[in-house]
Participant: 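Below are the structure tokens for one structure; questions will follow.
In what follows, every chain begins at residue 1, and chains take the letters A, B, ... in the order their sequences are listed. Keep in mind that what you see is a predicted model, and the values were worked out from it rather than measured.
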2 protein chains.
Amino acid sequence: MSLRHALLGLLADEPASGYDLTRRFEKALRRYAWHAQHSQIYPELGRLADDGLVEVVAEGARGRRTYAITDAGRAELRRWLLHPPEVFVVRHEFVLRLFLLSTLDTADARAMLQPIVEESARELTALREAIEKSDATSLADAGLPFGRLAAEYGVRSLETLHGWAVWALERTEPAGNRRAGQASVAAQHASRPDGPATGPT
Amino acid sequence: MSLRHALLGLLADEPASGYDLTRRFEKALRRYAWHAQHSQIYPELGRLADDGLVEVVAEGARGRRTYAITDAGRAELRRWLLHPPEVFVVRHEFVLRLFLLSTLDTADARAMLQPIVEESARELTALREAIEKSDATSLADAGLPFGRLAAEYGVRSLETLHGWAVWALERTEPAGNRRAGQASVAAQHASRPDGPATGPT
DNA sequence: AATAACATGTAACGCGTTACATGATTAC
DNA sequence: GTAATCATGTAACGCGTTACATGTTATT
């Protein structure tokens, strides 16, 4: 039950209301790690409070309730983080689409890859700017929702996606531009022009 | 409904039974893209057949039914691949854990990162070997379940994960080894020692 | 003869999404 | 005053997991 721990993680950073948490899922987690809507978040906050892992620390206008993590909540979050399961269940439609790319012909594959090249470049620029802005404040991690480490992971993942899509487009050139052309058997066998070379350290 | 299209994608490669498909999810998709169990796969195959997107092409021993994709199925798969949604819903517990890393203190964070460094190195080696073996057969993509492009994406993603984890461990050195030590504000501000430098092309 | 692997199916339960529903406060 | 945003809640439905259930074929 990851939602529970995602909420504990967000509250470990700072107290927040259900509404705040909903926006933080939207903004920071949705794209990379996890997603939840308010219809799931509010009831789960209630259960977390029942279990003593969070508590209401303030009530504001419009019925707003600000929750904070308790010591028991921190302990539970820590326990969960230090005991990962042996296999992770992944559900990532974007990556599924990448895998199924091989069922398309050359022209269709290129139509699928081109937007990825562009979109990943845009996102990368945005994330790099957010990091620079945060670094400039000279207060650690200011503005970066999950700290510098997570931001770096995001940047590197986007760079990888971008680099791969560019490489894949090169390998999938339209007929004529390439020695074998089309999705022929030979064309699938070109050497890796700019693939990473070195192994793990 | 991605399961439908994941099944169509697998069947676009070659005909298979529900049992085969279950194993292919397990082996090839589970770790990176999507997961499904036989209890979900069998009923969905039935629905796909009802909708004319797949058909039974052989019946074998032990009630085995081999399904193949139909032309209508291929058309549906193509349509789906060429019309991605604007936002993707991601559900990736491993990445969620990376994001929540920042809630741990230095010692705990290192305890979390170390196994990642090792495990990603192991997986990378295994995948690289599978690719080399496949390349050596000199038949395109032989043995690579989703083709060379997907395999390359896998390699690059693992390299990225490994590189990031090594980098994160370096930044998170135990007290004493590092100018500021612990999870202090200053320690969070080291420059990026081996981070990738260049932007998108 | 026994065990492992092959092969399929379904029921119950829990998680997640969509849609419905309501009201308060702030900014223009 | 009116629209946008803030703020919470729940019901219905669909997707996904776990567990239950059954039988066949190949291997040793």
Participant: Is a side-chain donor-acceptor pair under 3.5 Å present for H38(A) with T22(A)?
Facilitator: no

Participant: If each of A61(B) and A61(A) is mapped to the nucleotide of DNA chain C with the nearest heavy atom, which maps nearer the 5' terminus, i.e. the 5' end?
Facilitator: A61(B)

Participant: Is any side-chain N or O of S17(A) closer than 4.0 Å to OP1 or OP2 of dC6(D)?
Facilitator: no

Participant: In whole Å, what is the span from the NE2 atom of H35(B) to the P atom of dT18(D)?
Facilitator: 8 Å

Participant: Between E159(A) and R156(A), is there a side-chain N and carboxylate O pair less than 4.0 Å apart?
Facilitator: no

Participant: Counting the atoms with a prime plus P, OP1 and OP2 as sugar-phosphate, which does R23(A) contact under 4.0 Å by heavy atoms, base, sugar-phosphate, or nothing?
Facilitator: sugar-phosphate

Participant: Does OP1 or OP2 of dG9(C) have a side-chain N or O of R65(B) closer than 4.0 Å?
Facilitator: yes

Participant: Assuming nearest nucleotide by heavy-atom distance, tell me which of R91(B) and R64(B) is located more 5' along DNA chain C.
Facilitator: R64(B)

Participant: What is the ring orientation for H5(B) with W80(B), classed by angle as parallel under 30°, tilted 30 to 60°, or perpendicular over 60°?
Facilitator: parallel

Participant: Just how far, in rounded Å, is P of dA7(D) from CD of Q40(A)?
Facilitator: 21 Å

Participant: At less than 4.0 Å, is any side-chain N or O atom of Y42(B) found next to OP1 or OP2 of dT8(C)? Yes or no.
Facilitator: yes

Participant: Apply side chain to side chain contact (heavy atoms under 4.5 Å, CB included) to P43(A) and list each qualifying residue two or more places apart in sequence or on a separate chain.
Facilitator: R47(A)

Participant: So, is Y19(A) close to the dT8(D) phosphate, meaning a side-chain N or O under 4.0 Å from OP1 or OP2?
Facilitator: no

Participant: dT8(D) C1' sits how many Å from E59(A) CD, rounded?
Facilitator: 12 Å

Participant: Using atom CG of D20(B) as one end and atom P of dA5(C) as the other, report the distance to the nearest whole Å.
Facilitator: 16 Å

Participant: State whether the distance check finds a donor on one side and an acceptor on the other, under 3.5 Å, for side chain S39(A) versus base dT18(C).
Facilitator: yes

Participant: Measure from CD on E44(A) to P on dG14(C) and round the result to the nearest Å.
Facilitator: 13 Å

Participant: Over how many whole Å does the gap from Q37(B) atom CD to dC20(D) atom C1' extend?
Facilitator: 14 Å

Participant: Mind calculating the distance between CG (L3(B)) and P (dC15(C)) to the nearest angstrom?
Facilitator: 20 Å

Participant: Separation of R62(A) atom CZ from dT5(D) atom C1', in whole Å?
Facilitator: 7 Å

Participant: For E26(B), is there an ion pair with R23(B) - N to carboxylate O distance below 4.0 angstrom?
Facilitator: no

Participant: Report which part of the nucleic acid H38(A) touches: base, sugar-phosphate, or nothing (heavy-atom distance under 4.0 Å, all strands).
Facilitator: base

